[in-house]
Structures are given as C-alpha cells and as structure tokens.
Amino acid sequence: METESEPYVRLATLRQLHQVMADMNTARSLADTLQTVADGVVTGLGYELACVNLVRPDGDLVAAALAGNSAAEALITGRVGSRASWERRLTMGEGWGDLRFIPHTEGWVLDEDDVPQWYTDGPAPRFEDEWHPSDRLFAPMYTPSVSGGGRGELIGVLSVDRPRNGRRPGAWGREALQMYAFQAAIAISNARLRANMQRALVRLEREQQALRASEESFRQAFEYAPSGMAIAELGGDQHGRILRTNDALCRLLGRPASVMRRYSFSDLVHPEDIGTLLRTSAEGGRAELRLGRRDGTYVWVHLRNSVVADTADGPRFLLTHVEDIEERKRRELQLAHRASHDALTGLPNSAELRSRLSARLCARPQALPPGAVAALDAAYGHGELAQPAGAAPDGHPAFDGHGFDFPAVPEPFDAFDHHVHTVAPEGETDDGTKGLAVLFCDLDGFKSINDRFGHNAGDEVLIEVARRLTHGVRDGDTVARLGGDEFVVLADGLGRADAQDLAVRLRNAIIPPIRVDGRAVRVGASFGIGWAHCGMTADEVLKSADERMYVEKRSRPKQHRRAG
C-alpha cells in the first residue's frame, strides 16, 4: 500500500481495494472466497504474506487459504491450530481496534505452540515503527451481529506478515485491514450460507427423488396387489369414506372404482358386522367380517388397517388391506357343521341338541341370598313392588319347599341375567300354558330292516325319516339325531294338546313306505313327550322324554309297532 499520510489516499488505491472486495463477494464457492480473501490482503492491502485461518465445527482453526509465498502455502495450508492457542493470541499484545498486534518482544512465547507458523528472516529494525520479522498481526473475523451492535461469532482470523513498506501499519492501514476483515467475514458467512443452501437443495432434491420413487413403488404395489387395497378418510365428517381402491378389490366386490368412491366401508359391511368394523377402524387393527357384493351377496374378508399419519397434521387416512377368506370361512363352517351335525342325516347331533336345549334353561336359585327378604320387605312396604301372588300373610313370598316363586313380578335377585324362564304345562290336561316340548322318537322295526337288507338300507331309511321329520315341524323347531334310530324334536311355544298333535303328525309322516333299492319297507315310531323348564338339566329333560317314550311304546299293541 502507498505510504501517503492519512487520510490522503490515492484514488487508484481505493479502486484496487474496491475491486478486491468485489472479487471477494462474487466468488463462486467457499474455497474460492477464502482464497480471494487471502489474495486481496496481498494485492489490495500491501502485505507480502496472508493466511485465512477458518474456525472448524469443533472450534479449532485450520489454515484454509494462503497467499504470497508458495513454500509457506505448501507447508501451512490444511494444518490445524487449537482454539486455546488462538484464544491466547487474541488476548496478547496490543489492541488496534479489533486487530491484535503482538510485537517480537512478546511473541517469542508463541514460537513452540501448535498454531502453524511461517518464519521469515530479516534484519533487526532500525527505526521504532519498522516491522520486525517476528512481529505478528491478526485481524479476527466475526459473523455480522443479528442485533446490529457488538460482535457476532468468531469465524476465522486473518494473519498478515511483512508489509511491503517495511513499516508497521499506521491509522489508515489498520482501519483498512479492519474494514477488510469485516467484509471478509460477511463474504465468508455468505459463502457458507450458499454452500449450506446448496447442500440443503441437493439433499432436498435427493429426498424428493426418493419420495417420488417411494410413491411410485407404493402406487404400483397398491394398484397391482393381488388382494384388495383401499384408502379411506380418517376422522372428520367423511370418516371412512373410500378415496381409492385397486382393481383386485373392485373385482372382489363387483363394483367399479368410480362407484366405490361413493361408499364408506360401513355402507358395504354386513349389518351384523358393523360393530366389528367400527372397532377395527378406531384401533387401526384387523378383523374378519362380511362385505356386500354388487349382486346382493356377501363375501367373508379379512381387513387389516394401517393408520397413515402426517408428521405435521397427525393421522390422515386408513390404508386397508382386504383379503378374500370366503373359501377358508366355508371350510371352517363345514368343519363346525360336521362337529355339530350328524354325518349321515345332516341333522344336529347329540352334542348340538344338548347345547341348544341348555341354552334355553337356567338353574333357578334355590333360596334368597342373605338380606334379600329384608330388601323385598322394605320394597313392598314402600309400595315399590306389587304384592307377589301366593304371598304369605306376613307379606313374604310363599315357600313351597323347592324355592321362592314370584309369578306376578320379576325376581329381584334374578334381574342380573335377563333370562326368560322356560315353564311347562301342569297336570295331564291342557291348562293353556305354552312351553318347550321335547319329543323323543324311537323307530319301531328298524333293527329288522338292518338284519334283512343290510346297513346301507338302514342308512337310507334313517335319511328319509330325518327328511320327513324336518318337513313335519315348524321353522325354528329343532330335529336332531340322538344316535342310532333315536331322534329328538324341540318345539317351543306348544301347549300339551299341541305337542300331542305334533307327535301324531310326525308318526303318521314316518309310517308310509320308504323305497330302498327298489323295495318298499316300513318303520313305525314311538314318541314320548317331555317338558323342559328352568331348574332342569338337558340330560334330565331328555331322560324324562325317553321314559315317556318307553311308556308309550309298551302301551301300544306289538303289531302296531312292527315294520317290514
């Protein structure tokens, strides 16, 4: 730099400095900016040697760029000095504004630390302001302050050496170096910002490419999945509305995609399965239920829901996988049917008969629980319950030796099960009571058919008897094969006369000849009528009907029981 007395500086010098700053701020990359800063110190500020020491993320400083001496550049560039050593430098010596000058009389203590240094030779100074080869001058660079006052964060240090005029810089030189360091800090900060933005843009572009690839993979997996797939709304007024379906689901339900978008899954599910669907949608779980086809039939499917969430807005929609399990359900139903039905006749078997009968019966309490009588007494006293029929003079329910009876009002201690008790007609005459009749049927003359014509013929007879019994009862009645040639009919809501009429009709339906292998055979039937009521077990009910059947069988002439 020229040596004019401040503040008089040649216009050419200012133009040169301006050009250096312009080059510094238009560099294309951080590396170019750093090198331009070092070159600018040499060309624009008149120093023979300049080094840019950049603060790394770990806090230490690396010699990032050097200008003025190729040998020094090869030796120093890339080497690292610790933050502690640099902090010591920036607190030593003389403070020239933001600059820090360490004269050779103090700097000797820094000769052996870990900061990379370049030693220059030269004669000892002859004048007071002459530059000594061991003098050190540093210009710290700080990020621009956000608030507009004070210093920002230290991002680097400019090291300069050997002014061309051989003198320590005066006021103008110091201010110029300080201003240059300030502009260099801005340029470095901007270059870093641009580099970070470029990296962010590259990363964003890669993420977008990965997202597009992922979306395309999802689209192909969704569209071409061999099983049904659907996307539905989650939450809001349109909860459950179908947004998108794949071809497999459209084929399964026989509905085009444009039509499917008019529905929600609740519109398609079987009415009995709506509760299961709602629980599954809420929990994002899985369930087996029935969905309606276009032709009005239903198909069993396995639904597997996944709640797809947005990181900002939370759950967005349901991704539903729909698997056709109709064939498996059919096999399961067949297995269940085989377990509960007779393989020969297709009628409910003994286990299923007992299950259905037990479902109608309950074990009635044999005595009031502790405190119940007092509670009832208090209730009657306050008029909360009607006086029970058959009550004793003291107002308590009558006791007949088998338990308390409340024919007029519900039993307070029995309110927990809401069970409608099964009752039976009393006596041998029809008193108008309707009950659950159990007709025990035993075929007469069946053994002789097995003996004469073989078991295949006997099986054909059993199949035909089962068919005639089934056609002879009402819808809702149960015809079961108990075993061998024994059948049982459960008929609810019959009086005593109704049950007897049913037994006669069924016996008359069995008597006509049965064609087996081109011949006509006959069997008779004996019926015993038992009545089920709560307090009995299923076996007790069947035993009662069986005993009455044997009474009826013995009471009929033998010739009326023969068949052939």
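Note that the structure is predicted; figures quoted are calculated from it, not measured.
- Judged purely by distance below 3.5 Å, without hydrogens or angles, the side chains of D135 and H104 pair a donor atom with an acceptor atom.
- Looking only at side-chain heavy atoms (C-beta outward), T320 and I231 stay at 4.5 Å or farther from each other.
- Cation-pi check for R255 over Y263 is met; the charged atom lies under 6.0 angstrom from the ring centroid and within 45 degrees of its normal.
- More than 12 heavy-atom neighbours from other residues, nucleotides or ligands sit within 6.0 angstrom of CD on Q208.
- Using modelled atom types and a 3.5 Å distance limit, the side chains of D60 and S82 yield no donor-acceptor pair.
- Comment: R212 does not engage E216 in a salt bridge, judged by the lack of any side-chain N to carboxylate O separation of less than 4.0 angstrom.
- Between L110 and R88, the closest side-chain pair of non-hydrogen atoms falls below 4.5 Å.
- Residues L177 and P169 fail the side-chain proximity criterion, which asks for heavy atoms closer than 4.5 Å.
- With respect to the salt-bridge test (charged N to carboxylate O, under 4.0 angstrom), the residues D295 and R293 do not qualify.
- In this structure a side-chain-to-backbone donor-acceptor pair under 3.5 Å is present from Q35 to L66.
- The shortest distance between side-chain heavy atoms of V80 and L61 does not fall below 4.5 Å.
- For residues 224-236, the pairs satisfying side chain to side chain donor-acceptor pair (under 3.5 Å) are S227-H321, with sequence neighbours left out.
- Judged by distance alone, with hydrogens and angles left aside, the side-chain atoms of N246 form a donor-acceptor pair with the main-chain N or O of F222 at under 3.5 Å.
- In this structure, a donor-acceptor pair under 3.5 Å is present between the side chains of D267 and S264.
- Looking only at atom types and distance, the side chain of R354 has a donor-acceptor partner in the side chain of S350 under 3.5 Å away.
- The closest donor-acceptor contact from the side chain of S217 to the backbone of A213 lies under 3.5 Å.
- Using a 4.0 Å cut-off between charged side-chain N and carboxylate O, D129 and R168 make no salt bridge.
- Going from atom CZ of R192 over to atom OG1 of T33 covers 11.5 Å, rounded to the nearest 0.5 Å.
- A donor-acceptor contact shorter than 3.5 Å links the side chain of S340 to the backbone of A336.
- Heavy-atom contacts from other residues, nucleotides or ligands closer than 6.0 Å to CD of E175 number 12 or fewer.
- For D32 and S29, the side-chain atoms include at least one donor-acceptor pair closer than 3.5 Å.
- The closest donor-acceptor contact from the side chain of R83 to the backbone of G59 lies under 3.5 Å.
- The pair E288-R328 counts as a salt bridge, with a side-chain nitrogen and a carboxylate oxygen less than 4.0 angstrom apart.
- With hydrogens and angles disregarded, no donor-acceptor distance shorter than 3.5 Å links the side chain of Y47 to the backbone of S159.
- A cation-pi arrangement, defined by a distance under 6.0 Å to the six-membered ring centre and an angle within 45 degrees of its axis, is present between R89 and W86.
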